[in-house]
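Inspection log for the structure reproduced underneath, given as structure tokens.
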Amino acid sequence: MAKGKANKNDKNVKSTTKEEKKVTETKEVKKVVIDEPVKVQKPKSKYDFDKKSIEKGIITVLGAIVFLLAIFFVSNKITDCDLGKFCDKVEENKKDVNPLLAEGEVLDETKMKTLTEINYEEYEKALKSKKTTTVVYLVSDSSYWNQYETPILKSVAYNYDLDIKYLNYDNLTEEQVAAIEKLNKNITKETPALLIVNNKKLVASQTTPLSTSGMVSFFTDNKIIKSEK
């Protein structure tokens, strides 16, 4: 009987040991499991767009717009001849066609007076002079109209024996240019300007291109050319 009891107890012990082992294994398995929600990727519909693709598309469109604007800007500059000495190349085949001349009018290149170049200090001296009235011609390499106005001015200076001084904007500082432009708000580097100065004052100015007759009238009205009686 004692032996039988012992055997029965042994079974109970073995059974208990198995159950404990099961629990232990279960606990160990639970420790390994990562408790994170499972992400299920939904299938993309035809209306879903990739954010990066949209950004790339926007950048591409903006780049194209900037490129087109740059081409437009440069083409306008070339057309308006605002690129300095590039004007000479653009218009070299149109030198014989001066839009400021009257129909049928031709300038004689052998009858043109050389203009006297001055620097800014000489310009200031002429501006302050009380005794002498000076005609100053403002020019710039970036001026489209300079190539048309200059030969007319040289021709008029020859025919009326005028002493014309010219001052090149491109040789001046920004401060000097600003000081000149204060004399007349319409003075710009883009258009040749004729100034008549005396005694620290701007006696008269012409800030738009002139034809031959227009230039003669301007000088006559301001007593640079004596009117014929």
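None of the values given here were measured: they were computed from a predicted structure.
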Measure the shortest side-chain to side-chain distance between [X] and [Y] over non-hydrogen atoms and say whether it is less than 4.5 angstrom.
X	Y	result
Val106	Leu101	no
Ile152	Tyr148	no
Trp145	Leu100	yes
Asn199	Ser129	no
Leu202	Ile196	no
Ile225	Val156	yes
Ser142	Glu190	yes

* Could Asp161 and Lys113 be called an ion pair, given the rule that one side-chain N must be under 4.0 Å from one carboxylate O? -> yes
Regarding Thr212 and Glu105, do their side chains bring together a donor and an acceptor under 3.5 Å, going by distance alone?
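Short answer, yes.
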Q. Will you find, in the side chains of Tyr137 and Thr150, an N or O donor that is under 3.5 Å from an N or O acceptor?
A.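 Yes - a donor-acceptor pair under 3.5 Å links their side chains.
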Do side-chain atoms of [X] reach the backbone of [Y] as a donor and acceptor pair under 3.5 angstrom?
X	Y	result
Asn184	Asn186	yes
Gln176	Ala178	no
Asp108	Thr110	yes
Asp170	Asp141	yes

Show, in sequence, the C-alpha distance, side-chain angles and deciding distance for Tyr169 and Val139, and conclude whether the side chain to side chain contact (heavy atoms under 4.5 Å, CB included) test is met. CA-CA 6 Å; Tyr169 265 118; Val139 298; over 6 Å; no
Under the side chain to side chain contact (heavy atoms under 4.5 Å, CB included) criterion, do Leu194 and Leu210 qualify, and how do the steps go? CA-CA 10 Å; Leu194 282 168; Leu210 291 171; 4.2 Å; yes
Margin query: Before you tell me yes or no, could you show the steps for Asn159 and Ser155 under side chain to side chain contact (heavy atoms under 4.5 Å, CB included), namely the whole-Å CA-CA distance, both residues' side-chain angles and the distance that decides it to 0.1 Å?
Written below: CA-CA 6 Å; Asn159 291 329; Ser155 177; 3.6 Å; yes
Could you measure the distance from the [atom1] atom of [X] to the [atom2] atom of [Y]? Nearest 0.5 Å is fine.
X	Y	atom1	atom2	result
Thr133	Lys223	OG1	NZ	10.5 Å
Asn198	Lys128	CG	NZ	14.0 Å
Lys154	Glu109	NZ	CD	9.5 Å

Are [X] and [Y] in one and the same hydrophobic cluster, where Ile, Leu, Val, Met, Phe, Trp and Tyr link if side-chain heavy atoms are under 4.5 Å apart?
X	Y	value
Leu195	Ile164	no
Ile187	Leu127	yes
Leu107	Met215	yes
Leu162	Tyr158	no
Phe219	Tyr160	yes

Across all chains, not counting sequence neighbours, the side chain to side chain contact (heavy atoms under 4.5 Å, CB included) partners of Thr134 are Ala126, Thr132, Val136, Lys165, Val197
- request: With side chain to side chain contact (heavy atoms under 4.5 Å, CB included) as the test, would you mind laying out the steps for Tyr123 and Ile180 before giving the verdict?
  value: CA-CA 10 Å; Tyr123 155 76; Ile180 293 173; 3.9 Å; yes
Let me check something: any side-chain donor-acceptor pairs from residues 114-122 under 3.5 Å, sequence neighbours excluded? List them with distances.
from	atom 1	to	atom 2	distance (Å)
Glu117	OE1	Tyr166	OH	3.1
Asn119	OD1	Glu121	N	3.2
Asn119	OD1	Glu122	N	2.8
Glu122	OE1	Asn119	N	2.9

Q | Closest non-hydrogen atom pair between Lys189 and Ser143, with its separation | A |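 The answer is O-CB, 3.7 Å.
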